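Numbering starts at 1 and runs along the sequence shown. The model shown is predicted, which means the values in this text are computed figures rather than measured ones.
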Amino acid sequence: IFGESMTKAYFGDDYYGEAAIKNQVQKAKFVQDKLHELGIELLILFAPGKSSIYTEFLPEYLFKTPKKTCNSEMYVKQCTAQNVNFIDFIRLFSSLKTTTKYPLFSKYGSHWSYYSECIVIDTTVKRLETLMKVNLPNIKYSNIELKDTSLVRDADIFRKTQMKIPKGDLLAYPKSIGYEQGVGIKPEKVLGIGDSYFRGFFYLGAMKYAFDNAQQWYYYNSIIPENPNNPEVWELDLKTEILKHKAILILCNEMNLENLG
């Protein structure tokens, strides 16, 4: 199942243009440099839509429209040119697709798969260790089970409609998930800013065990973990809150690249 926003992002039908994206990245570079002066690192994560990874399953009629420059390609180009810290999970997943034994997206989900989220967390934590020059608790996952019943968010498209989830979509689920402990290994406060692709950092334990019980600012609006007493982000003293952290992650999937974060 593919959403229209996924295919638009892949074919470049929602492209905002080089000038607009260059301006966004210039702002990100300014923020990154100022944060670095304060001992805080910035890292941007570009997440793929299903259309970019499993293009071969798209309906044939879509290919009547030629593929154009897309937002993620231009963001990666500009981040590279302006030395903004980023991880291009679109490119990484395209490479992994040919080598991994397990699906990176489910047939019936709108987000990357549960197994993919383990890869994302592992990659992100290791990159942060390099940027921050620290030793964070790394995720450890093993004993992969294949199930034909989609768990967690792997069938969220169907769950939203309250329809019965079809069988036959074999997906990978690690039975054992934990985080490193030991001498010299220490969690650090890492703030997450972004969309729903970030949820796995919570239910897989990264926010608790690697990022010292930190928060996500969902679409730079509401605060996760949810609490009825939470203020909105705009009500916070931003300087005070930001200075509590050692790093900031901005995660955007391909369909949400109009504004970073």
Expected output: side-chain [X] to main-chain [Y] donor-acceptor under 3.5 Å:
X: Gln82; Y: Cys79; value: no
X: Tyr15; Y: Glu18; value: yes
X: Ser113; Y: Pro103; value: yes
X: Thr55; Y: Ser51; value: yes

On a heavy-atom basis, which atom in [X] and which in [Y] lie closest, and how many Å separate them?
X: Leu249; Y: Phe201; answer: CD1-CE2, 4.3 Å
X: Gly200; Y: Ile121; answer: O-CD1, 3.7 Å
X: Leu257; Y: Cys252; answer: CD2-CB, 3.6 Å

Are any non-hydrogen side-chain atoms of [X] and [Y] less than 4.5 angstrom apart?
X: Ile248; Y: Ile193; value: yes
X: Lys68; Y: Asp13; value: yes
X: Ser94; Y: Lys97; value: no

Find out if a path of hydrophobic residues (ILVMFWY) with successive side-chain heavy-atom gaps under 4.5 Å connects [X] to [Y].
X: Ile250; Y: Leu238; result: yes
X: Phe57; Y: Tyr61; result: yes
X: Ile185; Y: Tyr179; result: no
X: Leu171; Y: Tyr203; result: yes
X: Leu104; Y: Leu170; result: yes

Looking at the rings of [X] and [Y], which for Trp means the six-membered one, are their centres under 6.0 Å apart?
X: Phe89; Y: Trp112; result: yes
X: Tyr115; Y: Tyr102; result: yes
X: Phe11; Y: Phe63; result: yes

Value rounded to 0.5 Å, distance of CG in Leu38 from CD1 in Ile242
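If I round to the nearest 0.5 Å, the distance is 9.5 Å.
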Determine, stepwise, if the pair Glu41 / Lys246 fulfils salt bridge (charged side-chain N to carboxylate O under 4.0 Å, His left out).
CA-CA 6 Å; Glu41 300 302 330; Lys246 292 297 183 181; over 6 Å; no
Residue from Val125, Thr130, Thr124 passing side chain to side chain contact (heavy atoms under 4.5 Å, CB included) with Leu128
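Filter result, single survivor: Thr124.
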Can you list, pair by pair, the side-chain donor-acceptor contacts under 3.5 Å of residues 206-215, counting residues two or more places apart and other chains?
residue	atom	partner	partner atom	Å
Gln215	OE1	Trp217	NE1	3.3

For Glu4, what residues pass the side-chain hydrogen bond (donor to acceptor under 3.5 Å, both in side chains) criterion, not counting sequence neighbours?
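For Glu4 there are no side-chain hydrogen bond (donor to acceptor under 3.5 Å, both in side chains) partners, ignoring immediate neighbours.
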Donor-acceptor side-chain pairing of [X] and [Y] below 3.5 angstrom:
X: Asn85; Y: Gln32; value: yes
X: Asp122; Y: Tyr141; value: no
X: Asn71; Y: Glu258; value: no

Checking Tyr197 against Asn256 for the side-chain hydrogen bond (donor to acceptor under 3.5 Å, both in side chains) test, could you report, in this order, the C-alpha distance in whole Å, the side-chain angles of both residues, the deciding distance, and whether it holds?
CA-CA 11 Å; Tyr197 269 61; Asn256 280 333; over 6 Å; no
For Glu129 and Lys126, run salt bridge (charged side-chain N to carboxylate O under 4.0 Å, His left out): C-alpha distance rounded to whole Å, both residues' side-chain angles, the deciding distance at 0.1 Å, then the answer.
CA-CA 5 Å; Glu129 286 182 308; Lys126 287 175 179 174; over 6 Å; no
Carefully, step by step, assess Ser52 and Glu254 under the rule side-chain hydrogen bond (donor to acceptor under 3.5 Å, both in side chains).
CA-CA 9 Å; Ser52 293; Glu254 285 187 282; 2.6 Å; yes
Side chain to side chain contact (heavy atoms under 4.5 Å, CB included) for Phe105 and Phe93? Distances and angles first, verdict last.
CA-CA 10 Å; Phe105 280 81; Phe93 275 35; 4.3 Å; yes
Take Ile40 and Leu42, measure what side chain to side chain contact (heavy atoms under 4.5 Å, CB included) needs, and give me the verdict at the end.
CA-CA 7 Å; Ile40 303 168; Leu42 178 69; over 6 Å; no
For a side chain to side chain contact (heavy atoms under 4.5 Å, CB included) check, start with the C-alpha distance between Lys186 and Leu136, then their side-chain angles and the critical distance, and finish with the verdict.
CA-CA 5 Å; Lys186 180 176 176 291; Leu136 296 168; over 6 Å; no
